Structure formats: C-alpha cells, structure tokens
Chemist: 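Pasting in a structure now, in structure tokens, and then I'll have a few things to ask.
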Amino acid sequence: MHVNSFSSTSVPFARSDHPSQILQMKEKVRDPLPSEKPKQEGHIWGSMKRTAFILGSGLLLSVALWNSVTWHLQKFWGASGYFWQSQWEKLLSTFAGKEWILFSLGTILIPTILFWSFNALLLVVDTTGKPYFISRYRIQDGKNDPVDPMKLRQALVTVLCNQYIISFPMLGLFYPFLKWREDPCRPELPTFHWFLLELSVFILVEEVMFYYSHRLLHHPMFYKRFHKKHHEWTAPIGVVSLYAHPIEHVVSNMLPAMVGPMVMGSHLSSITMWFSLALIITTISHCGYHLPFLPSPEFHDYHHLIFNQCYGVLGVLDHLHGTDTTFKQTKAYERHVMLLNLTPLSESIPDPPKKIE
C-alpha cells in the first residue's frame, strides 16, 4: 500500500479531532499492513538465498576450473621443466661469478627489447595511419591521425632518458637487495604454482601502489609540477606509457613493479616474465587502439581524456573509491571488454549522435 493513496480528501483531519486520534491515523499510514511484512521479509530472504546459491556455485565452478587448468599447465610445465632447468644451469655455468650480467640481461635487455619491438609496430601505424586494418580500431577518432612528429620526438627523448638514466640504474641497485633477500640467480627454477602465486602478489602490489601514487600525483600540489607532463597526451600512444617526469617515473612506474619481487624474493625467471608482461600491458593501456584479442585499453584511455577518473590498473580500487562513476555512464565503459571478433567496438557500440546546436 502506498502512502500517496491517503490524500487529504480520503482522510479529512478536522480541527475538532482529538490529537491522539490524529496520531493513531498517522501511524497507520506509516506502517505497512501486517500482511506486507512477511512478504517483504520473504522476498529479501529469497533474494539472499538465490544470491548465495549463485555465488557459491560460481565459486565452486571457478575452483574446479582453476584446479583443472593449473593441473594441465603444471603437467606441461613439468614435462618441459627439465629442458628449461637444463638451459638455466647452462646459463649459470656460462656466467659463473658474473651473475650480475645474467641479471641485467633478464631484467633490462629482454623486457626492453620486447617493449621497443611492440612499440615499433604501433609507431608505424601512429605515424602513417597504415595498415588500415589496425588503425580502424583507434579509440579516439581523429586523434593522432597521424601523430604530431615534433611531439613524438619529444616523447621518445623523454622515454629513452627515463630508461637509461633512471630505470637501468635502479635495476642495478635492485640486484644487491634481491641477493641479500634471496639470490635471484639460484640454481633451481620456481614451480608453476609458485610462479602463479608470485604473479598474483605482483599484480596486487602494483594495483595498490600505482592507484594511490597516481591519485596523489593528481593532487593540485603535485599535478602541475610532476604529472601534467604525462597528461600532455590526452589521446595516448603506446610509447608514452613511460613518458613522465623523472619523479613520477620512479614513484609510479618503477617502484610498483619492483616491490612485488622484493617482497617475494623472486627468481630471475619470474622477474623477467613479470617486467616483460608489465611493459606490454602498460603499452596496450596507452596504445590508443582497442585491438582484437588483447586486454581493453578503454579504462586508461578514458583517464587521459577526462583526468579525474580511472586511476588504477585493474579498476578494483577505482570501484571501491568511486573514482569510476562517470566512466561507468559512458560508451567507453560498454566497450571496456576484450574484443573477440574483428568488428571495431566503435562500430558495434557507436557513440550517440551529436546534438546540432
């Protein structure tokens, strides 16, 4: 029963009525009928049971699938493990007494080659607009079509300086700390399940550290001095993932990726895979193209466009802190999925037509 049904015409409160009668009639209006309470409670309880059933079933299914997948992968890992272990032992014997060279190859050379190889392919599209089958997936239509050559040169110089002057020396200092924690070049490679655990910790640590350091850099006290440089690119391209003020590069790019391996005392093989993965993912997040079968870059691309939304990597902390509410009301949010076909999401989920003033 709705309160609105009790209008002034159906319940005339005359001045001659006793105050206690008026109070009783008001209480009747406020309280639902006795028969409604059990219905409401039953409805809530039923919803809770259905929710618990769905979540419980989903959890059991996820655990079963996870165990099955990891079992098969562990079997594969174990079958090939002898091969990789023997290759690792050969490397150790080759660099005996000079493990720091091996560490440098794993933490600097391999991730850097992957970063620049991937970005070289993207830069061809950024500067020429070709091939069209890639440029058609551009997120911000009409931006960087083609990219400004002077602006690009400035970005490349900054990125190279950040890598050679900041990243490489930091990774050089990283080695003695890890060796004190636990030798990263120890003879035995990690098991597959241990690497999965490490990867989970790395991702969690990076999400927390990047979100809060990134959000802090958006504070007026720090934004103009440090972070504004990165936001010169309102429509980012892959290489500008490392285009930042030196202080920001240390606090928001390097440390979130380095702390996880420090905490876990990780093996060099785990660190190499993690650094390579982190550089590829951050490149995808900045690339400006929502390409098929790759993680969606819509989340971070929207951050470059709007500035005060979507500070994290995974979006978990943005959800908890409510820093993605505007994003969730946009077409970009609808497109924030992995594209599993060849039709650009800008076509399958088009922007609303612009209003003609």
Side-chain angles (χ1 to χ4, degrees), residues 73 77 80 83-84 87-88 91 95 100-127 131 134 137 147 152 155-172 174-175 178 184-185 189-190 192 195-196 198-200 202-203 205-207 210 230 233 236-244 249-250 252-261 264 266-297 300-301 313-314 338:
L73 289 173
W77 186 285
S80 61
F83 169 78
W84 294 113
Q87 300 307 308
W88 173 245
L91 283 173
F95 291 94
W100 64 270
I101 298 177
L102 190 58
F103 182 83
S104 300
L105 292 174
T107 59
I108 296 175
L109 186 62
I110 293 174
T112 302
I113 288 174
L114 289 172
F115 174 80
W116 283 109
S117 299
F118 187 28
N119 274 287
L121 295 173
L122 292 171
L123 283 170
V124 171
V125 187
D126 293 331
T127 53
I134 293 179
Y137 294 101
V147 68
L152 177 59
L156 290 173
V157 170
T158 301
V159 170
L160 288 170
C161 286
N162 281 341
Q163 285 187 317
Y164 282 93
I165 298 174
I166 298 174
S167 297
F168 297 169
M170 282 186 72
L171 292 171
F174 190 37
Y175 178 65
L178 280 173
C185 297
L189 290 173
F192 178 68
F195 173 69
L196 287 182
E198 285 185 307
L199 189 60
S200 301
F202 299 162
I203 292 170
V205 168
E206 187 191 35
E207 175 70 10
F210 180 77
H230 185 67
W233 291 78
I237 61 174
V239 75
V240 304
S241 54
L242 300 183
Y243 176 72
H249 185 60
V250 171
S252 233
N253 291 340
M254 294 299 295
L255 288 178
M258 292 171 65
V259 169
M264 299 299 290
S266 298
H267 192 276
L268 177 59
S269 59
S270 299
I271 299 171
T272 302
M273 293 179 74
W274 164 238
F275 282 179
S276 301
L277 180 64
L279 283 171
I280 294 298
I281 292 297
T282 192
T283 298
I284 292 172
S285 297
H286 287 85
C287 73
Y289 304 100
H290 195 146
L291 298 170
F293 312 110
L294 291 179
S296 167
H300 195 72
D301 194 277
V313 179
L314 302 176
M338 182 179 286

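Keep in mind it's a predicted model, so treat the numbers as computed, not measured. Side chains included, hydrogens not; waters and symmetry mates left out as well; all remaining heavy atoms used.
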Chemist: Determine, using ring centers only, whether His286 and His230 are less than 6.0 Å apart.
Modeler: yes

Chemist: Hey, mind stepping through Ser296 and Met338 against side chain to side chain contact (heavy atoms under 4.5 Å, CB included) and telling me if it holds?
Modeler: CA-CA 5 Å; Ser296 167; Met338 182 179 286; over 6 Å; no

Chemist: Which pair of heavy atoms, one from Leu152 and one from Val239, lies closest together, and at what distance?
Modeler: CD1-CG1, 4.3 Å

Chemist: Inspect the surroundings of OH in Tyr164 and state if more than 12 heavy atoms from other residues, nucleotides or ligands are less than 6.0 Å away.
Modeler: no

Chemist: Once you round to the nearest 0.5 Å, how far does CD1 of Ile113 lie from CG of Leu105?
Modeler: 9.0 Å

Chemist: Does the side chain of Leu255 reach to within under 4.5 Å of the side chain of Met170, using non-hydrogen atoms?
Modeler: yes

Chemist: Tell me which one of Trp84, Phe195, Trp88, Phe103 satisfies ring-ring contact (aromatic ring centres under 6.0 Å, His included) with His267.
Modeler: Trp88

Chemist: As a quick check of understanding, evaluate side chain to side chain contact (heavy atoms under 4.5 Å, CB included) for Leu91 and Gln87, giving each step before the final call.
Modeler: CA-CA 6 Å; Leu91 283 173; Gln87 300 307 308; 5.8 Å; no

Chemist: Is a donor on one side and an acceptor on the other found under 3.5 Å between the side chain of Asp301 and the backbone of Pro297?
Modeler: no

Chemist: Is any side-chain heavy atom of Leu102 closer than 4.5 Å to one of Leu268?
Modeler: yes

Chemist: Measuring from atom CG of Leu196 to atom OG of Ser270, what distance do you get when rounded to the nearest 0.5 angstrom?
Modeler: 10.0 Å

Chemist: Contact between Ile271 and Phe174 at the side-chain level, heavy atoms closer than 4.5 Å - yes or no?
Modeler: yes

Chemist: When you measure from the side chain of Ser167 to the backbone of Asn162, do you find a donor-acceptor pair of N or O atoms at a distance under 3.5 Å?
Modeler: yes

Chemist: Can you tell if the side chain of Pro190 reaches within under 4.5 Å of the side chain of Ser269, non-hydrogen atoms only?
Modeler: yes

Chemist: Would you say Leu123 and Ile237 make side-chain contact, with heavy atoms under 4.5 Å?
Modeler: yes

Chemist: Checking Phe168 against Thr112 for the side chain to side chain contact (heavy atoms under 4.5 Å, CB included) test, could you report, in this order, the C-alpha distance in whole Å, the side-chain angles of both residues, the deciding distance, and whether it holds?
Modeler: CA-CA 10 Å; Phe168 297 169; Thr112 302; 3.8 Å; yes

Chemist: Show, in sequence, the C-alpha distance, side-chain angles and deciding distance for Leu199 and Leu277, and conclude whether the side chain to side chain contact (heavy atoms under 4.5 Å, CB included) test is met.
Modeler: CA-CA 10 Å; Leu199 189 60; Leu277 180 64; 4.1 Å; yes

Chemist: Might you work through the side-chain hydrogen bond (donor to acceptor under 3.5 Å, both in side chains) test for His300 and Thr282, ending with a clear yes or no?
Modeler: CA-CA 9 Å; His300 195 72; Thr282 192; over 6 Å; no

Chemist: Under a 3.5 Å distance rule, please check whether Ser241 uses its side chain to pair with a backbone N or O of Gly238 as donor and acceptor.
Modeler: yes

Chemist: Could you tell me which non-hydrogen atom of Val313 sits nearest to which non-hydrogen atom of Glu207, and how far apart they are?
Modeler: N-OE1, 3.1 Å

Chemist: Could you check whether any side-chain heavy atom of Ile284 comes within less than 4.5 Å of a side-chain heavy atom of Tyr289, counting everything from C-beta outward?
Modeler: no

Chemist: Determine whether the aromatic ring centres of Phe202 and Trp274 lie less than 6.0 Å apart.
Modeler: yes

Chemist: Measuring only between side-chain heavy atoms, which start at C-beta, is Cys161 closer than 4.5 Å to Val157?
Modeler: yes

Chemist: Would you indicate whether the side-chain heavy atoms of Pro184 and Tyr175 approach each other to under 4.5 Å?
Modeler: yes

